[in-house]
Protein chains: 2
Amino acid sequence: MDTRTELLKCAENVARRRGYDGFSYADLAKEVGIRKASIHYHFPAKADLAVAMIERYASSFSDALAVIDETSDIASDRLEAYVQSYRKALSGGAKLCLCVAFSVSRDSLSKEALQELDDFHSMSHEWLMNTFQLAKKDNSVSNVGDPKDEAAALLAMVEGAQLVARAACKVADYDRATRLFLKRLA
Amino acid sequence: MDTRTELLKCAENVARRRGYDGFSYADLAKEVGIRKASIHYHFPAKADLAVAMIERYASSFSDALAVIDETSDIASDRLEAYVQSYRKALSGGAKLCLCVAFSVSRDSLSKEALQELDDFHSMSHEWLMNTFQLAKKDNSVSNVGDPKDEAAALLAMVEGAQLVARAACKVADYDRATRLFLKRLA
DNA sequence: GTCTATAGTTTGATAGAC
DNA sequence: GTCTATCAAACTATAGAC
């Protein structure tokens, strides 16, 4: 793997544990095994790194959603996989979704990074909306309301469930918070 | 107001905007109007400040829940007030619940602070559980599941809704995420 | 209780050799 | 591309005068 990618991977890893203001170039240098001055060759400023991190995260997230869509045509299957993916991202209570971690540090981010953050949420929201729209047709989810509202509610729920589970370092808290929603799935 | 309280108020304010790793003694000194060295008289280390912040936050939150209980005996009224209180805490998309902000910076907190964080979540969860238990009796909420699961789901939802709204600085996002739940209230 | 002064560390970032 | 060397600024924290 090239150094740039290795840096991005490492940065994502630590940012999802500690937030944007909670990691430094020194942390990355130590982990990747180069000097911190060398990092500036790949990312001149931390703001550049932040943008690249969100871009990479959104891209891989988008890929994951595409895989979910390919795996099943049933809305309930897709939503279950979605909830499961946020559970997996928790890493046993040690990590958060990158965008959850970055949302808290909003004031430290550049305009460009905030735009990327916004794009990520838009993409997630749209995928969820379409999936709830499908659920209305295939009847695989009980009691479906306005897809726009359902999408916003589920996005908030998985992000909040991650947060609560992270606070206590207990995946069980994530499971408890999402249980009633999963019961609505066929 | 005494300086200690003023410092706590100010620290809460900035921590809810920027997270635990996002503010410094210099920020507080500037805002409160004393030198940063003076802050150490009240809070020897930042870890001490963190503990006092959560204590104060949990205490005022607990008071707010007591007021809600006094205002109405109907479960749906109480839950609506609960959701509303998280909305108000958003401050137009500028702030988060202190415990949401601190959960992200978990690794920077002392054991004592983490314990306080845990206590806060326990208190919230218990109040919600009792309220959903009441809802089962007074039928003011539609389709109530296991109170324990309902409590966890709602806590996750309001915290997640705050986060999404904070990311975009749009209170409307909070409203959209909580709309379907509020529809279940009588 | 608040101040000045300062220590010791860490931060993000740059210059220039290799 | 990575290094050494260095910078100025910010950080938490302490000592001691008032």
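Residue numbering restarts at 1 for every chain, and letters A, B, ... go by the order of the sequence lines.
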Handout entry: Presence of B:Thr3 side-chain N/O under 4.0 Å of C:dT2 phosphate oxygens OP1/OP2
Key = yes
Handout entry: Nearest-angstrom distance from the residue atom CG of B:Asp27 to C1' of D:dC11
Key = 11 Å
Exercise for the section: Send over the distance from B:Tyr25 OH to C:dT2 C1', rounded to a whole Å. Expected result: 15 Å
Handout entry: Whether A:Arg166 side chain and B:Val104 backbone form a donor-acceptor pair below 3.5 Å
Key = no
Practice task
May I ask you to evaluate whether B:Ser24 reaches the phosphate of D:dC11, defined as a side-chain N or O under 4.0 Å from OP1 or OP2?
Solution key: yes
Handout entry: Sugar-phosphate, base or nothing in reach of A:Phe23, heavy atoms under 4.0 Å
Key = sugar-phosphate
Handout entry: Nearest-angstrom distance from the residue atom NE2 of A:His40 to P of D:dC3
Key = 13 Å
Handout entry: Among D:dC3, D:dG1, C:dC3, the one nearest A:Arg35 by side-chain distance
Key = D:dC3
Exercise for the section: Return no unless some side-chain N or O of A:Ser38 is found under 4.0 Å from OP1 or OP2 of D:dG1. Expected result: no
Problem - Between C:dA5 (C1') and B:Lys36 (NZ): distance, integer Å - result: 12 Å
Practice task
Would you classify A:Tyr41 as touching base, sugar-phosphate or nothing, given that sugar-phosphate means primed atoms plus P, OP1 and OP2, and contacts are heavy atoms under 4.0 Å?
Solution key: base
Practice task
Return the value, rounded to whole Å, for the distance between atom CG of A:Asp21 and atom P of D:dA10.
Solution key: 15 Å
Exercise for the section: State whether the side chain of B:Tyr20 and the backbone N or O of B:Ser103 hold a donor-acceptor pair below 3.5 Å, judged by distance alone. Expected result: no
Handout entry: B:Tyr20 OH - D:dC11 P separation (whole Å)
Key = 13 Å
Completion exercise
Walking DNA chain D from its 5' end, the first of B:Phe43 and A:Ala37 to be reached, judged by nearest nucleotide, is A:Ala37
Practice task
Check whether the side chains of A:Asp119 and A:Gln115 place a donor and an acceptor atom closer than 3.5 Å, and report yes or no.
Solution key: yes
Practice task
Quickly work out the A:Ile39 CD1 to D:dC3 C1' distance and round it to whole Å.
Solution key: 13 Å
Exercise for the section: Give a yes or no on whether the backbone of A:Arg184 and the side-chain of A:Asn143 come within a donor-acceptor separation of less than 3.5 Å. Expected result: no
Practice task
Just call it for B:Ala26: base, sugar-phosphate, or nothing, with non-hydrogen atoms closer than 4.0 Å on any strand.
Solution key: sugar-phosphate
Handout entry: A:Arg35, CZ atom: more than 12 neighbouring heavy atoms under 6.0 Å
Key = no
Exercise for the section: Whole angstrom is fine here: how far is it from CD1 in B:Ile34 over to C1' in C:dT4? Expected result: 14 Å
